[in-house]
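Let me begin by presenting the structure, written as structure tokens, before commenting on it.
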Amino acid sequence: MTQDTATTTSREPARGATTRAAVIDAYGGPDLLRVTDLPLAPPGDRQVQVRVAAAAVNPVDLSTRAGLNIPVADARFPMVLGWDVAGTVTATGRRATGWAVGDRVAAMVFQPLDQRGTYSAAITLDVDLLARVPAGLALDRAATVPLAGLTAAQLLRSATDRGARTLLVDGPLGAVGRHLVQLAAAAGVAVVGVVRPEQEDGRRGHG
């Protein structure tokens, strides 16, 4: 999910602001997604407001939409899906030191916490969630990194902490698998990938 990345230069967003967001009002299929306006909280002291350039779609979003992750009794509709986001800072809180309007950032939120995920035109984020996006990396690509990349990094650390020097990766062509292969290679860890015969062309491109 992507949109334009135009920014404002204001540090103080208007009170009562709203943002467009894709929401669900009940669990079910993709046909239940609708676009509406939702309130947009101004950034607190250690928060920034981000104009969203891209929000990744992960398997967890699909299972949440289907009702498999958050019990109906705990669901707060309209619910915004999405864990990954990349965009441009448009406003900063008073103590959001080190961040400025115009900064390109990526982040991952824990969507079940308040059920206001990243499928939104703008989002307010704690500064502790932010990572800078390098100048040479497009924002739509940056949005695909946080959840899959952090999962891959955790898997690699778990293996290497136990002395592993070779990894068997089942699914090296998936989102987590692709990150894991690259991170392992950069760390000097050998990788053996397992793919189905019909994925052979993809394996060659990944090597």
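Computed from a predicted model, the values in this text were never measured in an experiment.
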Could you tabulate the donor-acceptor pairs under 3.5 Å formed by side-chain atoms of residues 169-176, not counting sequence neighbours?
none

Which atom pairs, donor and acceptor, lie under 3.5 Å between side-chain atoms of residues 75-84 and protein residues at least two apart or in another chain?
{"residue": "R76", "atom": "NH2", "partner": "L113", "partner atom": "O", "Å": "2.9"}
{"residue": "R76", "atom": "NH2", "partner": "D114", "partner atom": "O", "Å": "3.3"}
{"residue": "D84", "atom": "OD1", "partner": "L147", "partner atom": "N", "Å": "3.0"}
{"residue": "D84", "atom": "OD2", "partner": "N58", "partner atom": "ND2", "Å": "3.1"}

Please table the atom pairs, donor to acceptor, closer than 3.5 Å between any side-chain atom in residues 122-135 and protein atoms at least two apart or in another chain.
{"residue": "T124", "atom": "OG1", "partner": "A41", "partner atom": "O", "Å": "2.5"}
{"residue": "D126", "atom": "OD1", "partner": "Q47", "partner atom": "NE2", "Å": "2.8"}
{"residue": "D128", "atom": "OD1", "partner": "R46", "partner atom": "NH2", "Å": "2.9"}
{"residue": "R132", "atom": "NH1", "partner": "D103", "partner atom": "OD2", "Å": "3.2"}
{"residue": "R132", "atom": "NH2", "partner": "G98", "partner atom": "O", "Å": "2.3"}

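A search for side chain to side chain contact (heavy atoms under 4.5 Å, CB included) contacts involving A187 returns L156, V189, not counting sequence neighbours. Residues that satisfy the side chain to side chain contact (heavy atoms under 4.5 Å, CB included) test with A164, not counting sequence neighbours, are A159, L167. In terms of the side chain to side chain donor-acceptor pair (under 3.5 Å) criterion, T18 has no residue partners (sequence neighbours excluded).
Judged as a ring pair (Phe, Tyr, Trp, His ring centres under 6.0 Å), not a single pair has a partner in residues 134-165 (not counting sequence neighbours). Among pairs with a residue in residues 37-65, none fulfils ring pair (Phe, Tyr, Trp, His ring centres under 6.0 Å), at least two apart in sequence or across chains. Contacts classified as ring pair (Phe, Tyr, Trp, His ring centres under 6.0 Å) and involving residues 121-169 (residues at least two apart or in different chains) are not found. For residues 22-33, the side chain to side chain donor-acceptor pair (under 3.5 Å) pairs, not counting sequence neighbours, are D25-R34. Listed by first and then second residue, the side chain to side chain donor-acceptor pair (under 3.5 Å) pairs involving residues 151-164 are S158-R162 (not counting sequence neighbours).
Residues near V145 contribute nothing to a hydrophobic cluster around it, because no ILVMFWY side-chain heavy atom sits closer than 4.5 Å to its side chain.
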